[in-house]
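Report on the following structure.
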Amino acid sequence: MKLAGMRYRAKHLAHGAATAALLASVPLHAAPIDASKLDDAALAAALETARERDEPQLCDELVPLTAETLRRATPPATDEALAAGNAELWCAVDQERYADASAVLQRTEARIGRQERFDRVALSLHSFLNEFELAVARMDAIARTNGGNALTAVTPQVIYEISGKLLKAKRSDMLIAFWSSIYSAKTFALLDPDVRGGTGINLLRAKADAGLLSDKDSDLADLVTNASAFATLLAQKRYAPLWPHMEARAGDNMANLLELDLQLNVERFQDDPENTERFAALLYSLLQGGKLETAIEVTEPFRSADMDYSDIDEQIGWAINSMAIALRASGRADEGLKALDTLASLDTDKRSWVVNFAINHAASLAGEARHAEALKSYDRAQPIAEKQGSPFSRAIIAGQRACSLHLLGRSAEAADAFKVLEGMRTDAPSHAVGFAMCTGRDDLAIAWALEGLADETHRSSIISALQPSYMDGTPSAWNDPQPNLLLARSPELAAAFDKVARVVPERFAPLGGKPRTGPKPAATQD
């Protein structure tokens with residue numbers, strides 16, 4: 001597939017948050033109105049004035065005025081009940097009385113029926129309050145009413161927020177009900193491809209957790225186009241009933257699946273070419289499909305001398321990161337390192353996401369065996385991670401630092417860094433296994449891998465880490481110590497792995513895992 005001539009430069013785009021945006025503050029009025037003392041004409045006039053304000057004064061004006069209007073109205077007074085409920089709901093949200101807000105919403109809809117305008121805030125409130133039954137019921141109503149038209153307006157962030165909480169609560173029954181409602185909606189085909197793929201992944205996982213998965217669920221596997229997720233399904237034995245179908249669908253080197261994923265990402269980007277998230281996803285899809293030349297071609301503007309990196313957002317940062325990986329795999333590592341260095345040098349006060357690229361720059365230097373330079377780059381990344389990074393990022397820095405120090409023969413310093421990693425290993429369990437190997441501690445690498453396999457929270461990532469390097473989804477950004485080799489060194493680890501997983505056959509090695517010599521399958525020719 002050709003994408004010749006496509007060029008992209010960063011734009012400023014506004015992205016809304018799921019719950020946070022809905023729970024934004026609203027100005028308060030200085031003194032509440034005593035609406036009961038107003039006659040009908042004055043009440044109507046006061047309500048009209050309150051509604052015309054640019055910044056509504058919810059708690060002090062609209063709540064008492066709409067409540068009094070409802071009290072005086074003739075039943076069923078649907079419009080008045082909606083206005084009163086709306087004002088009281090958002091007043092409660094403004095005052096961070098979220099349980100009260102949920103109660104108001106339920107009380108109002110019990111009187112006048114479900115209101116589509118409340119769908120988003122209802123889902124956010126139920127998620128925030130862990131009101132799982134209400135969240136699942138709301139999603140079912142959204143999906144079933146009017147052909148599920150309202151479902152297309154529900155943001156993926158809200159959907160995944162609820163799903164993540166249900167997963168953490170280990171409520172497979174509710175996960176199945178939640179995602180089944182989405183899947184059964186008549187508008188399902190119109191949803192974002194990420195939501196459609198997420199439906200397949202989450203229903204498969206929930207059914208496997210509940211012991212309900214069978215070969216009859218092949219339709220769910222067909223929803224999954226993400227190659228990394230597909231590789232996970234091919235590795236874990238709880239999905240074994242679907243392996244024959246999935247293997248046929250993927251094709252050798254997952255060529256069929258990768259081509260489908262790339263087509264989806266091309267179409268999504270062409271539909272909204274100013275969307276930087278879609279551009280970043282397209283670049284990653286090109287990497288996974290082994291189309292390195294195209295990935296390098298379309299990111300050429302980011303390597304020009306006049307490119308202003310200070311004007312980019314995080315998604316363009318990830319696109320540049322993909323570009324750097326493609327350049328390394330094509331023998332042009334220095335160009336990629338220069339781009340990552342520029343990203344890592346951006347002001348972090350307004351860009352907490354810079355920590356990702358400060359770490360990746362250092363790790364990429366280590367991947368080129370430039371460990372002294374890598375350590376200096378880690379010195380830059382460390383304070384950023386301490387201030388703005390996650391425990392995961394800090395664990396990665398500790399492990400990579402220990403690795404580089406060990407390879408430079410600085411044993412005492414490496415031991416100190418390794419102690420830090422050891423205390424943080426559960427923040428990055430699969431990476432910790434590789435770092436232990438890099439520092440010559442196969443014994444701990446095996447112990448940590450066993451520990452991860454025994455913990456269902458980390459099991460999936462450990463299974464992926466123990467796959468051969470040929471199952472990498474993209475070219476490597478740095479050198480991998482190949483944790484898969486531990487299976488041959490430890491019968492205990494091999495037995496524990498065999499209970500829950502298999503080594504995926506090499507014929508399914510993704511095309512993008514490494515530059516491949518010789519002809520590619522015809523379907524994947526650039």
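The figures that follow rest on heavy atoms only: side chains count, while hydrogens, waters and symmetry mates do not. Counting from 1, the numbers follow the sequence of the chain as shown.
When each of Arg238, Arg171, Lys170 is checked for a salt bridge (charged side-chain N to carboxylate O under 4.0 Å, His left out) with Asp209, only Arg238 meets the rule.
A donor-acceptor pair under 3.5 Å is absent between the side-chain atoms of Arg51 and the main chain of Glu48, judged by distance alone. At least one donor-acceptor pair under 3.5 Å links the side chain of Ser464 to the backbone N or O of Ser460. Although no hydrogens or angles enter the test, the distance criterion places no donor-acceptor pair under 3.5 Å between the side chain of Tyr378 and the main chain of Ala398. Listed for the Asp261 side chain is no donor-acceptor partner under 3.5 Å among the backbone atoms of Leu257. Proximity of a side-chain donor or acceptor of Asn146 to a complementary backbone N or O of Asn149 within less than 3.5 Å is not detected. For Thr199 (side chain) and Tyr183 (main-chain N/O), no donor-acceptor pair under 3.5 Å exists by modelled atom type. Between the side chain of Ser127 and the main chain of Leu123, no donor-acceptor pair closer than 3.5 Å is present. A donor-acceptor distance shorter than 3.5 angstrom exists from the side chain of Arg351 to the backbone of Ser310, with no hydrogens or angles considered. Although no hydrogens or angles enter the test, the distance criterion places a donor-acceptor pair under 3.5 Å between the side chain of Ser184 and the main chain of Ser180. Side chain of Ser285 to main chain of Ala281: no donor-acceptor pair is present (N/O by atom type, distance under 3.5 Å, no hydrogens or angles).
Here the closest non-hydrogen pair linking Val355 and Ile384 is CB-CG2, 3.6 Å. Residues Ser214 and Leu242 approach most closely at O-CD2, 3.5 Å, considering heavy atoms. Nearest heavy atoms, Trp179 versus Val195: CZ3-O, 4.0 Å. When all heavy atoms of Ala432 and Leu421 are compared, the closest pair comes out as CB-CD1, 4.2 Å. Of all non-hydrogen atoms in Val224 and Ile201, the two that sit nearest each other are CG2-CG1, 3.7 Å. Nearest heavy-atom pair, Phe188 versus Ile182, reported as atom, atom and distance to 0.1 Å: CD1-O, 3.3 Å.
Considering only heavy atoms from C-beta on, Asp119 comes within 4.5 Å of Glu116 through its side chain. At least one side-chain heavy atom of Arg425 sits less than 4.5 Å from a side-chain heavy atom of Glu422. With a 4.5 Å cut-off on side-chain heavy atoms, Leu346 and Phe357 do not count as touching. For the pair Cys91/Val63, a side-chain contact is recorded, criterion being any heavy-atom separation below 4.5 Å from C-beta on. Considering only heavy atoms from C-beta on, Thr66 stays 4.5 Å or farther from Glu88 through its side chain. Under the 4.5 Å side-chain criterion, counting only non-hydrogen atoms from C-beta, Pro76 is not in contact with Arg111. Put simply, the side chain of Asp173 does not reach to within 4.5 Å of the side chain of Phe132, judged on heavy atoms. Within the 4.5 Å cutoff, side-chain heavy atoms of Asn356 are placed close to those of Trp318.
Listed by chain and residue number, nothing satisfies the side-chain hydrogen bond (donor to acceptor under 3.5 Å, both in side chains) test with Asp54 (two or more places apart in sequence, or in another chain).
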### Task
Determine, step by step, whether Ser228 and Gln288 satisfy the side chain to side chain donor-acceptor pair (under 3.5 Å) criterion, reporting the C-alpha distance in whole Å, the side-chain angles of both residues, the deciding distance to 0.1 Å, and the verdict.
CA-CA 9 Å; Ser228 297; Gln288 288 189 311; 3.1 Å; yes

### Task
List the steps and the verdict of side chain to side chain contact (heavy atoms under 4.5 Å, CB included) for Asp217 and Leu212.
CA-CA 10 Å; Asp217 293 308; Leu212 300 175; over 6 Å; no

### Task
Go through the steps for His126 and Ile162 under the test side chain to side chain contact (heavy atoms under 4.5 Å, CB included), then give the verdict.
CA-CA 8 Å; His126 299 331; Ile162 296 171; 6.0 Å; no

### Message
Please evaluate residues Arg205 and Asn202 with respect to the criterion side chain to side chain contact (heavy atoms under 4.5 Å, CB included), reporting the C-alpha separation (whole Å), side-chain torsions for both, the decisive distance (0.1 Å), and the verdict.
### Response
CA-CA 5 Å; Arg205 177 170 54 192; Asn202 281 281; 2.7 Å; yes

### Task
Let me see the working for Lys387 and Asp349 under salt bridge (Lys or Arg N to Asp or Glu O under 4.0 Å), right down to the final yes or no.
CA-CA 10 Å; Lys387 181 180 179 180; Asp349 289 340; 3.5 Å; yes

### Message
Apply salt bridge (Lys or Arg N to Asp or Glu O under 4.0 Å) to residues Arg401 and Asp379 and explain how you reach the verdict.
### Response
CA-CA 9 Å; Arg401 185 188 293 277; Asp379 288 340; 3.1 Å; yes

#### Entry: Derivation of the side chain to side chain contact (heavy atoms under 4.5 Å, CB included) call for Phe118 and Leu82
CA-CA 10 Å; Phe118 291 157; Leu82 175 59; 3.9 Å; yes

### Query
After noting the C-alpha distance and the side-chain angles of Gln157 and Glu161, does the key distance pass the side chain to side chain donor-acceptor pair (under 3.5 Å) rule?
CA-CA 6 Å; Gln157 295 99 316; Glu161 183 179 279; over 6 Å; no

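Between the side chains of Arg380 and Ser345, a donor-acceptor pair is found at a separation under 3.5 Å. No side-chain N or O of Tyr160 forms a donor-acceptor pair with one of Asp194 less than 3.5 Å apart.
Using a 4.0 Å cut-off between charged nitrogen and carboxylate oxygen, Glu68 and Arg71 count as a salt-bridge pair.
Met424 contributes atom CE, which lies 10.5 Å from atom CZ of Phe392 (distance to the nearest 0.5 angstrom). Between the OG atom of Ser393 and the CD1 atom of Ile359 there is a distance of 4.5 Å, given to the nearest 0.5 Å. Atom CD1 in Ile320 sits 12.5 Å away from atom CD1 in Ile325 (nearest 0.5 Å). A distance of 7.0 Å separates OG1 in Thr152 from CG in Leu191, rounded to the nearest 0.5 Å. Here the straight-line distance linking atom CG of Leu287 with atom CG of Asp472 works out to 12.5 Å at 0.5 Å rounding. To the nearest 0.5 Å, the span separating CZ on Phe302 from CE on Met307 amounts to 5.0 Å.
Counting heavy-atom neighbours within 6.0 Å of Arg117 CZ, excluding the residue itself, gives a total of 12 or less.
Between Phe418 and Trp448, the ring planes are parallel. Angles under 30° get that label, and only those over 60° would be called perpendicular. Ring geometry for His431 versus Phe435: interplanar angle of 30 to 60°, hence tilted.
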Expected list for residues 34-42: side-chain donor-acceptor pairs under 3.5 angstrom, two or more places apart:
unit_1 : atom_1 : unit_2 : atom_2 : d
Asp34  : OD1    : Ser36  : N      : 3.4
Asp34  : OD1    : Ser36  : OG     : 2.6
Asp39  : OD1    : Ala41  : N      : 3.2
Asp39  : OD1    : Ala42  : N      : 2.7
Asp40  : OD1    : Arg72  : NH1    : 2.7

